[in-house]
Number of protein chains: 2
Amino acid sequence: MNDPSEPATLKDVARVAGVALSTVSAYLNSTRKVSPALQVRIRDAVRELDYIPNFQARNLRMKRAASIGLVVPELANPYFAALAEGIESRLSGTGVTLTLSLTGSTGDREEAHASLLRRARLDGLVVISATGRTTSALLDLIERFPVVLADEQLPSLNAAFVGSDNRRGARSVADVALASGGRRPAIIAGPRSLWTAEARLSGYREALAGSGIEEHDVILERGDYTFASGLAAAMRLYPLERYDGSGPDIVIASNDLMALGVLRHLRRIGASVPEDVVVVGFDDIPVADMITPTLTTVSQPAHDIGFTATDLLLRTIDGEALADERVELPTELRVRESTR
Amino acid sequence: MNDPSEPATLKDVARVAGVALSTVSAYLNSTRKVSPALQVRIRDAVRELDYIPNFQARNLRMKRAASIGLVVPELANPYFAALAEGIESRLSGTGVTLTLSLTGSTGDREEAHASLLRRARLDGLVVISATGRTTSALLDLIERFPVVLADEQLPSLNAAFVGSDNRRGARSVADVALASGGRRPAIIAGPRSLWTAEARLSGYREALAGSGIEEHDVILERGDYTFASGLAAAMRLYPLERYDGSGPDIVIASNDLMALGVLRHLRRIGASVPEDVVVVGFDDIPVADMITPTLTTVSQPAHDIGFTATDLLLRTIDGEALADERVELPTELRVRESTR
DNA sequence: CTGTTAGCGCATTCAA
DNA sequence: TTGAATGCGCTAACAG
């Protein structure tokens, strides 16, 4: 063994095996037939030198990065975390690496990351937008790289998209909430700028239309998908210190985090769920099934979305898929204790 | 503008600017003085061609990856997600990229990832172990790369470590729990193989020793840091359908997820927290402050741990830091509603 | 089937 | 100060 600190290269292997460099390369990549005799010599040399191919060199030569980027606002949101895991699971075994880029939920650091990603010359990007805004940085990226949008659509952007059927999901969970017999529903919608928020809202409206409740009797609040905003909305809905039977008897929150905020406030003022008020969410984050009462919600196939988005991206990179494919995966209703 | 699909290279810039390639390189990296006249010409050429340096080539030349790896069991654990965010925030602005590798909490996919990471020739690794086991893959990695262990220590491993002071944190939260006046405490510890679990356990024992309660009167259960295992432990602790005042009056769970499991079971059997039973956790995951009652726990500086670990790693890569540095960051007690 | 050769895009010697 | 030349480690023609 001679291993003077420097890792072995293809050249070293060729020398030790007594064959040409290109033969080693060809054998290792099985890009052409190599006679059994040489195969053995090469294999031995590889083992002897503990040769590990240098992907940097290979990628430079092949003009690719063997890496895709994930642009995501934050990982603290368990839904995004699940998405990331789905992406990773698709990548596993492909030899493609995942480069993580957090933009912050405000999207302020987006610019810096965009330039970093351009320099890294990644093969493609899975982008999860938190703002719903089409920033110039993002636009620029989409021009240069194969990009698949996950979870959140962006208006008028000619990019592939994988998400879930927010409207149908919203409708199904709202149907359950309305079936409780309550007549004074409130909706806590998400930010106007987000496609998911608006899609869910239209699902809620469909359900309302089928319930016989006048649109006019429905209270509409807005939140920004955070726990704090859900709590704040609940306080507007139930301003009293103690629950007295007034206020909405159904609260439809546009995501689980906001529903948690509602649950929190209701318990504090002494209203019981689902007896006094029925509450539903959206997302099915893990805690939805850990709290008391467990939360009725709709499960988005976060893992699948990540997986499918990556699959689509990989195919786009290989030139197999169109750049404007759109996939909406089905959601699944989870009826639990917060509805009756 | 001539942009026939192919991105511009240094050579193109040199040609357009009418200077030598090496001059452009030197100017862009400010590695030597360049006359003002040439500076202008180079700048113009860069702008005209929309030149973006190819990091792959640069990295090949400089024998580095400009990327570090994060090896983490899963992102679904919000604590790990926060750690990852801390890592990312340290990296932001350095031009170093983060490559994500999920091993799965069982550690089965570890082997495959290790080989991928070796091929990618990353500059270093931040490793979060879920198993506490020292696998051969990991050992191999540590030999080859600068590695910093975050959160979880590994026995007899000569690697740098950044985590929090689990023992003191555990002691402080146990002190609060025991101050409730209860005399029948139960501890739900984590897996024996994990250093954090054992460190917390010894902190609990310290608190117990100071409380006058006989070690003998303490019930010790084991879980594996999951919600399900916390729930299971709670069912062993309180096997009855309805709470009748028997069973532990203090439950000290080794992490928040397990504490959530306990809370869930207690509510189901009709025990109230903190009146009947006091419950504490560890980690301060976001939901700890969203549920009812809010959970008394100890906050680990997850973000800081990630940040510090990365800082240490970067310094190790630059040859500034020793490979066996150990940092234990202070925890912070969060007294909330689940204790009285 | 195998070896020789020419770059991928860049940083860095060495002369000028 | 600047320019010309060399090679990082690899793949993919090309010629044998």
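What you see below is based on every heavy atom in this structure, not just the backbone, and it leaves out hydrogens, waters and symmetry mates. Labels below follow one simple rule: chain letters A, B, ... track the order of the sequence lines, proteins then strands, and each chain is numbered from 1.
- Between the side chains of A/R119 and B/N54, no donor N or O sits under 3.5 Å from an acceptor N or O.
- Mapping heavy-atom proximity under 4.0 Å, the span of DNA chain C touched by chain B runs 5' to 3' from C/dG9 to C/dT12.
- D/dG9 atom P lies 15 Å from atom CZ of B/R64, rounded to whole Å.
- Note on B/Y51: only backbone sugar-phosphate atoms sit closer than 4.0 angstrom, heavy atoms only; bases stay farther off.
- Partner of A/R90 under the side-chain hydrogen bond (donor to acceptor under 3.5 Å, both in side chains) criterion, out of A/D304, A/T310, A/D311: A/D311 alone.
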Can you pull every protein N or O that's under 3.5 Å from an N or O on nucleotides 13-16 of chain D?
none

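- Between the CG atom of A/N29 and the C1' atom of D/dG9 there is a distance of 13 Å, rounded to whole Å.
- Under the side chain to side chain contact (heavy atoms under 4.5 Å, CB included) test applied with B/L70, the options B/L98, B/V127, B/L122 reduce to a single match, B/L98.
- Here the C1' atom of nucleotide D/dA12 and the CG atom of A/L10 are 13 Å apart, to the nearest Å.
- Salt bridge status for B/R47 with B/D44: present, with a side-chain N to carboxylate O gap under 4.0 Å.
- Of the residues near DNA chain D, B/K33 and A/I52, the one whose nearest nucleotide (by heavy atom distance) lies more toward the 5' end is B/K33.
- A salt bridge does not link B/D318 with B/R315: none of the charged nitrogens is closer than 4.0 Å to a carboxylate oxygen.
- Between A/R58 and A/N29, the side chains place a donor N or O and an acceptor N or O closer than 3.5 Å (distance only, hydrogens not considered).
- Within the model, atoms CD of B/E328 and OG of B/S164 stand 7.5 Å from one another, a figure rounded to the nearest 0.5 Å.
- Between B/R326 and B/Q153, the side chains place a donor N or O and an acceptor N or O closer than 3.5 Å (distance only, hydrogens not considered).
- When the nucleotides D/dG9, D/dC10, D/dT1 are ranked by their closest atom to the side chain of B/S35, D/dT1 comes out on top.
- Regarding B/M62, its CE atom lies at a distance of 15 Å from the C1' atom of D/dG7, rounded to whole Å.
- As rounded to whole Å, 13 Å separates atom C1' of D/dT1 from atom CZ of B/R41.
- If you check every strand for non-hydrogen atoms under 4.0 Å, A/T9 touches sugar and phosphate atoms only.
- For the pair A/T23 and B/A26, both in contact range of DNA chain C, the more 5′-proximal nearest nucleotide belongs to A/T23.
- A donor atom on one side chain and an acceptor atom on the other are found under 3.5 Å apart for A/T196 and A/Y225.
- Under 4.0 Å is where a charged nitrogen must lie from a carboxylate oxygen, and between B/D50 and A/R118 at least one such pair does.
- Residue B/L38 is classed as a sugar-phosphate contact, given heavy-atom separations below 4.0 Å to backbone atoms only.
- In this structure, B/K63 places its NZ atom 13 Å from C1' of D/dC10, rounding to the nearest Å.
- Put simply, CG on A/L60 is 13 Å from P on D/dA12, counting in whole angstrom units.
- Nearer the 5' end of DNA chain D, as judged by each residue's closest nucleotide, is the contact made by B/V34, out of A/Q56 and B/V34.
- Note: CZ (B/R15) to P (D/dA4) measures 14 Å, nearest angstrom.
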